[in-house]
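Below is one structure, written out as structure tokens, with a few remarks after it.
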Amino acid sequence: MKTQNPITFVLFVAICSLSGVLFVIEYNTRYLDVVRQGFSYISDPILFVANLPIKSVNATTQYFGTHDHLTDRIDLLNRQLLEMYGVAQQYSSLKNRYEELQKVLAVQVGVDYEMQLVEIVGLVQDFDRQLAVINVGSNDGIEIDMVVIAPTGVYGRVLDVQHNTSTVITIFDKRHALPVTVKRSGLNTTAAGNGIGGMLSLEHIHRRSNIKETDLIVTSGIGGVFLPGFEVGKVVFTQESATESLIRVDVQSSVTYDSERYVYVILGVRQSG
């Protein structure tokens, strides 16, 4: 059996005794405060350096954690902002539609006609054509040649009918013409489309026809398609030619091709009950 090293044992006993003495001195006096303070000057920098990697890792983790949190928060706020913008746009659209419906429903066409309020759901436009698509068709009782009017005047007539939609040829279409009357003078003529939404031309107007700018043009009822008395537009330009007996007359329509959303289809004369 190997004997214990006496030097180690003596050193152990000495350390224990010294520890006991230091404990008694620390407990009963303040003599060791200076020694403790001196050791702190040495140990604090060592502890600071030893803890620096841990503090750096914690600071980095906190930074990226805060950055990720802020990024997520910004994304959430952006989504909420887009949602609020969408709601605002929907509200604005509904408000505009409500105002348009109020304007259309306020039209006093007369009690002599059966009318159906419809919505324009599409436009077909090129150099010659000025067509509109409405959201009613044969299932709703719509027939070819039924007159379509806007709140301010004549818009066109039904050209083609499907089950749930119909195509309207507007009065601006180059292929379209309608019988009209100059309200002031009673002159009967024809207003033809010229392919420009908003403008018409009066055909075969003689220079002695006594037509003036601002003259009101209305439907004459000749031909039986367009009922008489509906507003078409006003004369805005006349031009005579030195070599011809006919003059040019331009009419500004009372309706606009691409600004109308709700129109009426005249189903026919109301039957007296």
Side-chain angles (χ1 to χ4, degrees), residues 97 100-101 103-105 107-183 188-204 217-233 251-273:
R97 293 186 67 176
E100 290 175 2
L101 279 172
K103 180 177 66 174
V104 174
L105 293 173
V107 176
Q108 300 294 327
V109 179
V111 295
D112 297 332
Y113 306 109
E114 293 281 357
M115 299 184 302
Q116 182 172 349
L117 180 65
V118 301
E119 183 178 4
I120 296 175
V121 294
L123 298 174
V124 181
Q125 182 179 17
D126 58 24
F127 181 73
D128 293 322
R129 297 188 302 169
Q130 302 277 325
L131 306 176
V133 181
I134 56 178
N135 65 337
V136 290
S138 58
N139 292 340
D140 306 286
I142 304 301
E143 299 177 359
I144 292 176
D145 281 342
M146 283 185 171
V147 175
V148 179
I149 63 170
T152 53
V154 179
Y155 189 75
R157 61 182 174 84
V158 177
L159 180 67
D160 182 62
V161 178
Q162 304 297 324
H163 291 298
N164 298 307
T165 60
S166 301
T167 302
V168 176
I169 183 170
T170 68
I171 59 176
F172 316 110
D173 194 294
K174 275 193 171 184
R175 301 167 298 171
H176 188 272
L178 71 158
V180 296
T181 296
V182 180
K183 191 170 184 179
N188 291 323
T189 182
T190 302
N194 55 18
I196 302 175
M199 297 301 298
L200 306 168
S201 297
L202 297 187
E203 296 184 335
H204 312 300
I217 308 299
V218 298
T219 53
S220 65
I222 296 175
V225 176
F226 290 91
L227 299 170
F230 287 106
E231 186 172 329
V232 176
V251 175
Q252 176 70 54
S253 173
S254 300
V255 303
T256 306
Y257 169 68
D258 54 1
S259 296
E260 307 295 338
R261 182 162 187 172
Y262 298 97
V263 291
Y264 285 103
V265 177
I266 299 180
L267 303 177
V269 178
R270 187 184 299 274
Q271 300 295 325
S272 59

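Keep in mind that this is a model prediction, so the values were computed, not measured.
- None of Val232, Thr190, Asn194 except one satisfies the side-chain contact (heavy atoms from CB on, under 4.5 Å) rule with Leu200; the exception is Val232.
- Heavy atoms only, all atoms of each residue included: Val218 and Lys183 are closest at CG1-CD, 4.4 Å.
- Ser138 places no side-chain N or O within donor-acceptor distance of the main-chain N or O of Val161, the cut-off being under 3.5 Å.
- Panel note: side chain Ser201, backbone Ala192; no donor-acceptor pair is recorded below 3.5 Å.
- Taking each heavy atom of Asn135 and Val118 in turn, the nearest pair found is OD1-CB, 3.6 Å.
- Atom CG of Asn188 and atom CD1 of Ile222 lie 4.0 Å apart (nearest 0.5 Å).
- Salt-bridge annotation for Arg157 and Asp145: present, with a side-chain N of the basic residue lying under 4.0 Å from a carboxylate O of the acidic one.
- Of all non-hydrogen atoms in Ala191 and Leu202, the two that sit nearest each other are CB-CD2, 3.9 Å.
- Across every non-hydrogen atom of Asp140 and His163, the tightest pair is OD2-O, 4.4 Å.
- Although no hydrogens or angles enter the test, the distance criterion places a donor-acceptor pair under 3.5 Å between the side chain of Gln252 and the main chain of Gly198.
- Within the 4.5 Å cutoff, the side chain of Val180 has heavy atoms near those of the Leu178 side chain.
- Put simply, CD1 on Ile196 and OG on Ser253 are 12.5 Å apart, with the number rounded to the nearest 0.5 Å.
- Taking each heavy atom of Gly195 and Lys174 in turn, the nearest pair found is N-CG, 3.5 Å.
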Begin from the C-alpha positions of Val182 and Ile217 and carry the test side chain to side chain contact (heavy atoms under 4.5 Å, CB included) through to its verdict. CA-CA 5 Å; Val182 180; Ile217 308 299; 3.8 Å; yes

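- For the atom pair Ile144 CD1 and Asp160 CG, the distance stands at 6.0 Å (nearest 0.5 Å).
- Residues Ala132 and Ile120 come closest through the heavy atom pair CB-CG2, 4.2 Å.
- Put simply, CD1 on Ile142 and CG on Leu267 are 5.5 Å apart, with the number rounded to the nearest 0.5 Å.
- Note that CD of Gln162 is 10.5 Å distant from CG of Asn139, once rounded to the nearest 0.5 Å.
- Sorted by first and then second residue, the side chain to side chain donor-acceptor pair (under 3.5 Å) pairs involving residues 221-233 (not counting sequence neighbours) are Glu231-Ser254.
- Under the 30°/60° scheme for interplanar angles, the aromatic rings of Tyr155 and Tyr257 are found to lie parallel.
- Residue Met146 holds its CE atom at 10.0 Å from CD1 of Ile134, rounded to the nearest 0.5 Å.
- Annotation: side chain of Thr256 is not in contact with side chain of Phe172 (no heavy-atom distance under 4.5 Å).
- Of the candidates Ile266, Thr219, Val263, Ile149 forms a side-chain contact (heavy atoms from CB on, under 4.5 Å) with just one, namely Ile266.
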